[in-house]
Undergrad: 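This is the structure I have questions about; it appears just below.
In listed order, ligands and their atoms are each counted from 1. Throughout, numbering of the chain's residues begins at 1 and tracks the sequence.
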Amino acid sequence: MCGIIGYTGSEDVREVLLDALELLEYRGYDSAGLAVKDAENGEIKVRKCAGRVSDLRAICASEKLVSTCGIGHTRWATHGGVNDRNAHPHQVGKVTLVHNGIIENYQELIADYELADELASETDSEVVAALLNHFYEGNPAEALKKTVSKLRGTFALVVMFADQPEIIYSTRNVSPIVATLCDEGAMLASDLTALCRFTNRYFVVPEYHILELHKDAVILKDFEENTVEPEFLTVDWELNSAGKAGYPFYMEKEIMEQPDAIANTIGNRIKGGMPDFSKDGVPDTLFTSCERICIIACGTAMHAGLVAQALVKSILHMHIDVEMASEFMYSDPVIDEKTLVIAVSQSGETIDTLEAVKYAKRRGAKCLSIINVKGSSIARESDYVLYTSAGPEIAVASTKAYTTQLSVFYLIVARMAHSRGVFTQEETQSFVRELQRTPDVMRKVLENRRDIHVVAKKILSAKDLFMIGRGLDYSILLEGSLKLKEVSYIHSEAYASGELKHGPIALITQDTPVVASVTQEKLFSKELSNIREVKSRGADVVIFIKENLSAKLEGEYEMIKLPDMQDEFMVLPASVALQLLAYYVSSDKGFDVDKPRNLAKVVTVE
Ligand code: AGP
């Protein structure tokens, strides 16, 4: 999951590329590099290094260079370690190239075309550059088509040729590329956040097409040389919302944005107090004709699916599966034309989820997706899309995307319940009214974040930590535990608290930190006895508890009180509190909260 940028126009290209790479760095930050065409002698000069974009910026600052055409890359290492040699761009002969994706047959290509002597790195990407150079005889499009015909795997390729003027070429398969033409020139990138500085108009580069960026034009052709008119879209993000707005980290900003993100996501989908998807073009028949539901997603998006699963079972009494996208295709899933598949993805580019959606559609399922990025690959693959309006989510740890995904699920459940005759109109409106309380309830949690910071300080030095809860509390904690794991590196595990005594409780010793979630009134007594079991074995317990349940535990336990909502909505305030817990632990440990080690924001490799 790398970040790619290309620009040719009137601006100083190194500044454009470096600024864009900083916005794309959340996609991968093992190394960074750029290649620019020297305006004085036409040479393509490559500067790259292991480390961050700031390190690359320092290298570039030490030399004067005039250029208005170039490409750039931030890397999340797949083939080859993290070092200068393996950083992109790769230059072989007349070809200078950056790549996002995985070439599965790169070793065969090295042997088949005797490329070994051309290679300086261990990467699959440099093999593509060498193969492209092998085929290049002065016609970039022909050489690209020949090269692509030999590749097996996923790729977004962005190329400059030494003997071509200031033109950038690109082609892709699965890995994303968006592009635009604006007053300042032509630009392409792995995703929208890098284009926001110049414009809110963009188009998605179709797979197996050749894109040419010229200073004052973009030329798009299919592999049969037919010119294709780009289908421009408009991003509805505020242009400056991709910045930190004064927060130390994007994660904090995005946690704080959640009340507005929820309001923006549900606002225009409620008419007369009823859920309304007419503007999204999602028909009720989608909800009334299906016999089962299958939610497909990864990571946090999958955790949103777990909450939806609980709601669908308790309210709709329907059969519903939640599938890890990476396991889905290999688990012989029962999918047919009576299955409604709901794919959930912030980026809309997670390849595990994308391939799972394609698999499900081949088996006759209809697919509705809940996506945050307009025009993304999963959105384009789906029959219907409900976009969240979270705005750009830059921090690797997903926060506002998760809660806005939940808010869409609440509307889906309400719409399904009404259209399937489970809810009367009044019951539906009552359910929706509770959802509409969410922004204010979340603001109350955010106002109380100091207390959460105090709890965070108590667990800074923890190596292992347990999170325990039952029912929806368990789903809440699976997500809370992932947040803590991925930004603070504490080995946190969420357990269904009733399961502890079947083995895991053997791990509880004196002062083992345990976070409990108690938000479900009907489970209160059971959860309390499980909490007492771990406390009696020395655990240091803090409880995130629904306010109206807390009186009974005053003075007995340390508690974070959560503003009251109906039980099935408590995941919303509880999640914000647990996001803050993870954020404060990570920031107090001095970590780069937005770019945790080994991670990337968009996982475009299987
Ligand atoms: C969550 O904090 C992680 N960044 C990760 O689990 C993420 O939710 C997952 O990779 C799915 O990403 P998507 O929503 O863009 O498909």
Undergrad: Is the NZ or CZ atom of K483 both under 6.0 Å from the centre of the six-membered ring of Y583 and within 45° of that ring's axis?
TA: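 No, K483 does not lie over the aromatic ring of Y583.
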Undergrad: Is any NZ, NE, NH1 or NH2 atom of the basic residue among E355 and K358 found under 4.0 Å from an Asp or Glu carboxylate oxygen of the other?
TA: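 Looking at E355 and K358, the cut-off is met.
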Undergrad: Is it true that the NZ or CZ of R597 lies under 6.0 Å from the centre of Y489's six-membered ring and within 45 degrees of the ring axis?
TA: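 Yes, cation above the ring, under 6.0 Å and within 45°.
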Undergrad: Could you pull out, from T350, V487, L599, the option with a heavy atom nearest to atom 13 (P) of ligand 1?
TA: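 It is T350 whose heavy atom sits nearest to atom 13 (P) of ligand 1.
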Undergrad: Under a 4.0 angstrom heavy-atom cut-off, which atoms of ligand 1 come close to A397?
TA: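 With A397 as reference, the close atoms of ligand 1 come out as 2 (O).
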Undergrad: Examine the proximity of ligand 1 to K483 and report which part, side chain or backbone, both or neither, has a heavy atom under 4.0 Å away.
TA: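 The side chain, only.
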Undergrad: Does a side-chain N-to-carboxylate-O contact under 4.0 Å join K400 and D260?
TA: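 No, no charged N to carboxylate O under 4.0 Å.
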Undergrad: Looking only at protein heavy atoms, identify the closest one to atom 10 (O) of ligand 1 and say how far it is in Å.
TA: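 For atom 10 (O) of ligand 1, the nearest protein heavy atom is V603 CG2, 4.0 Å.
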Undergrad: Would you mind checking if R443 and D440 are paired as a salt bridge, meaning a charged N to carboxylate O distance below 4.0 Å?
TA: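 So D440 pairs with R443 through a salt bridge.
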Undergrad: Just by modelled atom types, is the V585 backbone N or O under 3.5 Å from a matching donor or acceptor in the D588 side chain?
TA: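 Checked: no pair found.
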Undergrad: Should one rank Q346, E349, M302, M251 by closest heavy-atom distance to atom 14 (O) of ligand 1, which comes out on top?
TA: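 That would be Q346.
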Undergrad: Surrounding CE of M318 (heavy atoms of other residues, nucleotides or ligands, distance under 6.0 Å), is the total greater than 12?
TA: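 Yes.
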Undergrad: Do me a favour and list the nearest non-hydrogen protein atom to atom 11 (C) of ligand 1 with residue, atom name and distance?
TA: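 Nearest protein contact, heavy atoms only, for atom 11 (C) of ligand 1 is C298 O, 3.5 Å.
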Undergrad: Which ligand 1 atoms are under 4.0 Å away from a heavy-atom of S398?
TA: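 Result: 1 (C), 2 (O).
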Undergrad: To check your reading of the model: name the closest protein heavy atom to atom 15 (O) of ligand 1, its residue, and the distance in Å.
TA: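 Ranked first by proximity to atom 15 (O) of ligand 1 is S347 OG, 2.7 Å.
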Undergrad: Judged on heavy-atom distance to atom 8 (O) of ligand 1, which of T300, T399, V373, T353 sits nearest?
TA: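 Checking each option, the heavy atom nearest atom 8 (O) of ligand 1 is found in T300.
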Undergrad: For ligand 1, which atoms sit closer than 4.0 Å to a heavy atom of V396?
TA: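 Answer, ordered by atom number: 2 (O), 3 (C), 4 (N).
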Undergrad: Could you list the atoms of ligand 1 found under 4.0 angstrom from a heavy atom of G299?
TA: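 In order of number, 6 (O).
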Undergrad: Tell me whether D321 is salt-bridged to R292, with the criterion being a basic N under 4.0 Å from an acidic carboxylate O.
TA: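 The answer is no: the pair does not qualify as a salt bridge.
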Undergrad: Report the nearest protein non-hydrogen atom to atom 2 (O) of ligand 1: residue, atom name, distance rounded to 0.1 Å.
TA: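 Checked against all protein heavy atoms, atom 2 (O) of ligand 1 sits closest to E486 OE2, 2.4 Å.
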